[in-house]
Amino acid sequence: MKPLAIFGGTFDPVHLGHLSVAWEASELLDADVHLMPANVPPHKPPPTASAAQRVAMLRAALQGQSRLTLDTRELEREGPSYTIDTLIELREEQGARPLVLLIGADAFANLATWHRWRELFDVAHIGVLSRPGVDATWPDALEREVAGCRTADVSALRGLPAGKLIELAVTPLEISATRIRELLVDGREPRYLLPAGLFDDAGLLSPYRVSR
Ligand code: ATP
């Protein structure tokens, strides 16, 4: 069965790093990918752009293709967006379909701080996306905890609904939303770090241009 992969994040704003790694993961896993903006990210300071503004940017970014789909379910819930709650909801909807939670290597290194993190493997596989500047080795305690789940074989994920961990080596793109926000505050136009559609509507990037 074709897996469903979930790629969560703040997307403040969505950039070509997000889109490229999500696209390549979709190809490597032969999966549909849902990009899922978080409402109140439990691990980070509040986003600069509102949820509605981040959704508008994602919509503009995703035009013209069908592998990557916007999924706004976390924005419809009150309070912190816990991934475990989202995955349990998806599992109920999707039956035995393989679910794959995609996480960048920087975020994965902190997995043990996530709410009910061990239970994530009961409801989904995890795909770790390589990211430039992030050490490929994981903290010892995390490495020990996940050793039994690791696989290098993509087909292992297709036959099971959940429980495996795979590293996905994607094309390194050293792009971060933090850097893009800094450039925009400085009045720069990071045209080739962001999807072109974000420049078509003058309002889309305005939340970042206001000097603070
Ligand atoms: P910020 O700079 O605001 O922290 P970010 O660029 O890391 O933002 P997020 O929305 O926090 O973007 O990231 C969502 C997910 O995308 C995370 O799992 C993160 O690791 C991953 N990610 C973001 N940029 C890249 C990239 N260039 N390469 C690989 N993974 C990435």
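All ligand and atom numbering here is 1-based and tracks the order in the structure. The figures that follow rest on heavy atoms only: side chains count, while hydrogens, waters and symmetry mates do not.
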* Asked: Measuring from the heavy atoms of Leu129, does anything fall under 4.0 Å of ligand 1?
  -> no
In ligand 1, the atoms that come under 4.0 Å of a heavy atom of Ser176 are 2 (O), 6 (O)
Counting only nitrogen or oxygen atoms and a 3.5 angstrom limit, does Asp12 reach ligand 1? no
A student comparing Pro132, Gly104, Ala25, Ser130 should find that the heavy atom closest to atom 29 (C) of ligand 1 comes from Ser130
For this session: Show your working on side-chain contact (heavy atoms from CB on, under 4.5 Å) between Tyr208 and Asp12 and close with a plain yes or no.
Result: CA-CA 9 Å; Tyr208 307 105; Asp12 185 30; 2.6 Å; yes
Taking every heavy atom of Ala156 against every heavy atom of Thr151, the minimum-distance pair comes out as CB-OG1, 3.9 Å
In this structure, atom 1 (P) of ligand 1 is nearest to the protein heavy atom Thr178 OG1, 3.3 Å
Polar atom proximity, Ile103 to ligand 1 (N or O, under 3.5 Å)
no
Ligand 1 atoms nearer than 4.0 angstrom to some heavy atom of Ile175 are 24 (N), 27 (N)
Counting heavy atoms under 4.0 Å, the part of Arg179 that contacts ligand 1 is neither
- Query: Do Leu102 and ligand 1 have an N or O pair less than 3.5 Å apart?
  - Reply: no
Between the side chain of Gln65 and the main-chain N/O of Arg67, is any donor-acceptor distance below 3.5 Å?
-> yes
Counting from 1 in the order shown, the ligand 1 atoms closer than 4.0 Å to a non-hydrogen atom of Val21 are 28 (N), 29 (C)
Expected list for residues 119-128: side-chain donor-acceptor pairs under 3.5 angstrom, two or more places apart:
unit_1: Glu119; atom_1: OE1; unit_2: Arg116; atom_2: NE; d: 3.2
unit_1: Glu119; atom_1: OE1; unit_2: Arg116; atom_2: NH2; d: 2.9
unit_1: Glu119; atom_1: OE2; unit_2: Arg116; atom_2: NE; d: 3.2
unit_1: His125; atom_1: ND1; unit_2: Gly163; atom_2: N; d: 3.4
unit_1: His125; atom_1: ND1; unit_2: Lys164; atom_2: N; d: 3.0
unit_1: His125; atom_1: NE2; unit_2: Leu157; atom_2: O; d: 3.2
unit_1: His125; atom_1: NE2; unit_2: Leu160; atom_2: O; d: 2.7

Ranked by distance from atom 30 (N) of ligand 1, the top protein heavy atom is Arg131 CD, 3.7 Å
among protein heavy atoms, the one nearest atom 16 (O) of ligand 1 is Phe7 CZ, 3.1 Å
**Study point:** Cationic N near anionic O, under 4.0 Å, Arg97 to Asp32
**Key:** yes
protein heavy-atom neighbour closest to atom 11 (O) of ligand 1 works out as Lys44 NZ, 2.5 Å
What do the steps show when you test Leu168 against Glu24 for side-chain contact (heavy atoms from CB on, under 4.5 Å), and what is the final call? CA-CA 9 Å; Leu168 300 170; Glu24 288 193 16; over 6 Å; no
Taken in chain and number order and not counting sequence neighbours, the residues that satisfy side chain to side chain contact (heavy atoms under 4.5 Å, CB included) with Glu74 are Met36, Ala38, Arg77, Ser81, Thr86
Review point. If we only count heavy atoms from C-beta on, is the Pro98 to Met1 side-chain gap below 4.5 Å?
Key: yes
protein heavy-atom neighbour closest to atom 20 (O) of ligand 1 works out as Asp106 OD1, 2.5 Å
(message) Regarding Asp71 and Arg73, does a basic nitrogen lie under 4.0 Å from an acidic carboxylate oxygen?
(response) yes
Using a strict threshold of under 4.0 Å (side-chain N to carboxylate O), is an ion pair present between Arg188 and Glu182? no
Keeping Arg54 on the side-chain end and Val14 on the backbone end, is there a donor-acceptor pair under 3.5 Å? no
Atoms of ligand 1 under 4.0 Å from any heavy atom of Gly8, numbered from 1 in the order shown, are 14 (C), 15 (C)
Separation between CG (Asp30) and OG (Ser155), nearest 0.5 Å, reads 12.0 Å
Check: Considering distance alone, does some N or O of Phe11 sit under 3.5 Å from an N or O of ligand 1?
Finding: yes
Hey, does His15 sit under 4.0 Å from ligand 1 if you only count heavy atoms? yes
Query raised in the report: Has ligand 1 got any nitrogen or oxygen that is less than 3.5 angstrom from a nitrogen or oxygen of Ala105?
Result: no
Ignoring angles and geometry beyond distance, decide whether Arg181 reaches within less than 3.5 Å of ligand 1 through its nitrogen or oxygen atoms. yes
### Query
Taking NZ, NE, NH1 and NH2 as the nitrogens, is one of them in Arg150 or Glu143 under 4.0 Å from a carboxylate oxygen of the other?
yes
Within the 4.0 Å heavy-atom cut-off, what Leu173 brings close to ligand 1 is backbone
dist Ile88:CD1 -> Thr83:OG1 (nearest 0.5 Å) comes out at 11.0 Å
One finds that the ligand 1 atoms under 4.0 Å from a non-hydrogen atom of Gly9 are 10 (O), 14 (C)
protein heavy-atom neighbour closest to atom 9 (P) of ligand 1 works out as His18 NE2, 3.5 Å
Under 4.0 angstrom from ligand 1, any heavy atom of Pro47? no
